[in-house]
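Quick notes on the structure that follows.
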Amino acid sequence: MPIINRHGWALPESAVTPAGFSLGRRRLLEGALGGAVGGGLLSGAASADVPAQNALRFDPGRPVTPEKTVFTYNNYYEFGSQKSIWRAAQRLRLSPWSLTIDGLVKKPLTIALPDLIRRMPIEQRIYRHRCVEAWAMTVPWQGFALSALVKLAEPLGSAKFLAFTTVEQKDTMPGLVESWYPWPYREGVTMAEATNELAFLATGLYGMPLKPQNGGPIRLVLPWKYGFKSAKSLIRISFVEKQPPTFWSFIAPNEYGFWANVNPAVPHPRWSQAYERLIGTNQRVPTRIYNGYGKWVAPLYAGMPKSIWLYR
Ligand code: MTE
């Protein structure tokens, strides 16, 4: 049953979570920390500032999708173009993992993922997740705001965009042999989008370390955009001056443009975006502009044409 007219902070967790899913504080942190930190993780600075209520800050207004569905219905082309890549993805090597932050920043750095996570304010976000293929889920991510990483990076005034590069592991990713794809998978956002409070870097989900098929050990989550913008398994975030090239806009710019904001009024050239199918229940529900997050993100696009999905 849809939940309407509630303020996110006021919503009881039981209203958005199915029976049996409730994240305790400890599990929340363990998930966010990706299991990469080991014993003593709760004694770190991150644990002190995790209000459990953060889970409800951005009311999804829908029940959380069962975790089995989120773990077994995926898009991850490096492992193949089927939804059933989860088994193949278990080969991905998640550790050791480091993230490089470079480009137009004061101090470029390469940091081991556990060290980065320890420095970030960890929280949970339950977000609607909408694929350009017109299916949707509701996912409880753990991680930290992308804006916190931007702050850490100290970008120069000339930095206008963030370019995301994802991992290429030739020995574990069979999809990389398909040479007509412009590997590696890359994405990009403007600085204003990156510092919007919704933009998130996930390192866990359902209180567990982020699984390989969902983009472990660290992925982007931009809930107001089609899912292809949310690049998985990140290894580099570069601050740049010009709009960066992206994987899908290179393949089909008229189908998967740079902006890719969820918009029911702009059909994909080959199908309508007016409705979406909820994976798990198969319920068909109307698509909402910006996936229902207009309150937070509509000002980012003020003055741009309503056909923003194709606008590039
Ligand atoms: N990131 C990489 N590296 N490779 C991919 O194929 N697919 C994208 C996005 N991120 C993709 C990716 C697409 S099309 C979607 S809809 C989401 O991941 C799917 O995320 P999920 O499998 O966790 O639902």
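Atoms within each ligand, like the ligands themselves, are counted from 1 in listed order. The figures that follow rest on heavy atoms only: side chains count, while hydrogens, waters and symmetry mates do not.
For ligand 1, the polar-atom distance check against Trp135 finds no nitrogen or oxygen pair separated by under 3.5 Å. For the pair Trp248 and ligand 1, the shortest N or O to N or O distance does not fall below 3.5 Å.
Salt-bridge check for Glu276 with Arg284: failed, with every basic side-chain N at 4.0 Å or more from each acidic carboxylate O. Under the 4.0 Å criterion applied to side-chain N and carboxylate O atoms, Glu133 and Lys83 are assigned as salt-bridge partners. By the 4.0 Å N-to-carboxylate-O rule, Arg93 lies close enough to Asp171 to be salt-bridged with it.
Residue nearest to atom 2 (C) of ligand 1, selected from Phe247, Tyr77, Tyr185: Tyr185 (by heavy-atom distance). Of the candidates Glu78, Lys232, Lys211, Glu78 brings a heavy atom nearest to atom 4 (N) of ligand 1.
The ring of Tyr76 has its center closer than 6.0 angstrom to the ring center of Phe79. Aromatic ring centres of Tyr256 and Phe247: separated by at least 6.0 Å.
Distance from atom 16 (S) of ligand 1 to its nearest protein heavy atom, with residue and atom name: Cys131 SG, 3.4 Å. At the top of the distance list for atom 17 (C) of ligand 1, counting protein heavy atoms only, stands Gly227 O, 3.6 Å. In this structure, the protein non-hydrogen atom closest to atom 10 (N) of ligand 1 is Ser230 O, 2.9 Å. Asn75 O, 3.3 Å is the protein heavy atom nearest to atom 7 (N) of ligand 1.
Judged as a side chain to side chain contact (heavy atoms under 4.5 Å, CB included), and not counting sequence neighbours, the contacts of Arg288 are Arg128. Looking at residues two or more places apart in sequence or on another chain, you find a ring-ring contact (aromatic ring centres under 6.0 Å, His included) between Tyr226 and Trp309.
Counting heavy atoms under 4.0 Å from ligand 1, residue Thr166 touches it through the side chain alone. Counting heavy atoms under 4.0 Å from ligand 1, residue His129 touches it through the side chain alone.
Residue Arg219 places a heavy atom under 4.0 Å from ligand 1. Residue contact check for ligand 1: Gly215 places no non-hydrogen atom closer than 4.0 Å to it.
For the side chain to side chain contact (heavy atoms under 4.5 Å, CB included) with Leu162, the lone residue among Ile237, Leu220, Thr195, Ile101 that qualifies is Ile237.
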